[in-house]
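Comments concern the structure below.
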Amino acid sequence: MNKSEWLKKRIAGIGGSDAAAVMGLSPHKTNVELWEEKLGLRKAKDISQEDYVQYGIEAEDHLRRLFEMDFPRYEVHSDGFEILQNPEYPFIIGTLDGRLWDKERQVWGVLEIKTANILQ
């Protein structure tokens, strides 16, 4: 899936970035604004060119490699724009920052990456 397809598919569910708005805890949008976006009544603000978003995108691959260096028991796999969907609750979706393969236990896990401003 490419980025354009991924952006279109994200509108069909509630992902991690939407969770705070659903709960009424987001400083960026209300749960009503999110609901309007999901119904196509409101266009979501495009933040893709914001410095902090660009920094996060650029840093992700480096952070995955650093994680592997710090925790050699894991292999990190990235699926790019793959969206996972909860089979029991199909409105719950997510895009993983990485899948972790635990070489010792032979099980899969999830890597979630967050970046922040160094001054915060």
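Along the sequence shown, residues carry numbers from 1.
- Contacts classified as side chain to side chain donor-acceptor pair (under 3.5 Å) and involving residues 39-50 (residues at least two apart or in different chains) are given here: Glu36-Arg42, Asp46-Ser48.
- Transitive grouping of hydrophobic side chains (ILVMFWY, heavy atoms separated by less than 4.5 Å) keeps Val107 and Leu111 in distinct clusters.
- The structure places CG of Asp79 at 11.0 Å from CG of Asp97, a figure rounded to the nearest 0.5 Å.
- Looking at residues two or more places apart in sequence or on another chain, you find no side-chain contact (heavy atoms from CB on, under 4.5 Å) involving Asn31.
- Following chains of ILVMFWY side-chain contacts shorter than 4.5 Å, one cannot reach Met1 starting from Leu84, and the two form parts of different hydrophobic clusters.
- Scanning both residues, Val53 and Ile47, for their nearest heavy atoms gives CG2-O, 3.3 Å.
- Checked against side chain to side chain donor-acceptor pair (under 3.5 Å), Lys114 has the following partners two or more places apart in sequence or in another chain: Glu112.
- Transitive grouping of hydrophobic side chains (ILVMFWY, heavy atoms separated by less than 4.5 Å) keeps Leu96 and Leu63 in distinct clusters.
- Two different hydrophobic clusters hold Leu100 and Val110 under the rule that ILVMFWY side chains link at heavy-atom gaps under 4.5 Å.
- Of all the heavy atoms in Asp18 and Lys38, the pair that sits closest is OD2-NZ, 3.0 Å.
- Looking at every heavy atom in both residues, Phe81 comes nearest to Asn2 through CD1-C, 4.0 Å.
- In this structure, the separation between NZ on Lys3 and CD1 on Ile57 is 5.0 Å, given to the nearest 0.5 Å.
- Heavy atoms from other residues, nucleotides or ligands lying under 6.0 Å from CG of Asp70 number more than 12.
- Asn86 contributes no side-chain N or O that, together with a main-chain N or O of Ile92, makes up a donor-acceptor pair within less than 3.5 Å.
- Scanning both residues, Glu33 and Thr30, for their nearest heavy atoms gives OE1-N, 2.8 Å.
- A salt bridge does not link Lys8 with Glu5: every distance from a Lys NZ or Arg NE/NH1/NH2 to an Asp or Glu carboxylate oxygen is 4.0 Å or more.
- In this structure, the side chain of Lys9 does not engage the main chain of Glu82 through any donor-acceptor pair within 3.5 Å.
- Listed by first then second residue, pairs satisfying ring pair (Phe, Tyr, Trp, His ring centres under 6.0 Å) with a partner in residues 89-111 read His77-Trp108, Trp101-Trp108, not counting sequence neighbours.
- For Ile93, the side-chain contact (heavy atoms from CB on, under 4.5 Å) test picks out Ile83, Gln85, with sequence neighbours left out.
- In terms of heavy-atom proximity, Arg65 sits nearest to Val76 at NH2-O, 3.5 Å.
- Here Arg64 pairs with Glu60 in a salt bridge; the nearest charged N to carboxylate O distance falls below 4.0 Å.
- In this structure, the separation between NE2 on His62 and OG1 on Thr115 is 12.5 Å, given to the nearest 0.5 Å.
- Within the structure, no pair that satisfies the ring pair (Phe, Tyr, Trp, His ring centres under 6.0 Å) test touches residues 27-60, not counting sequence neighbours.
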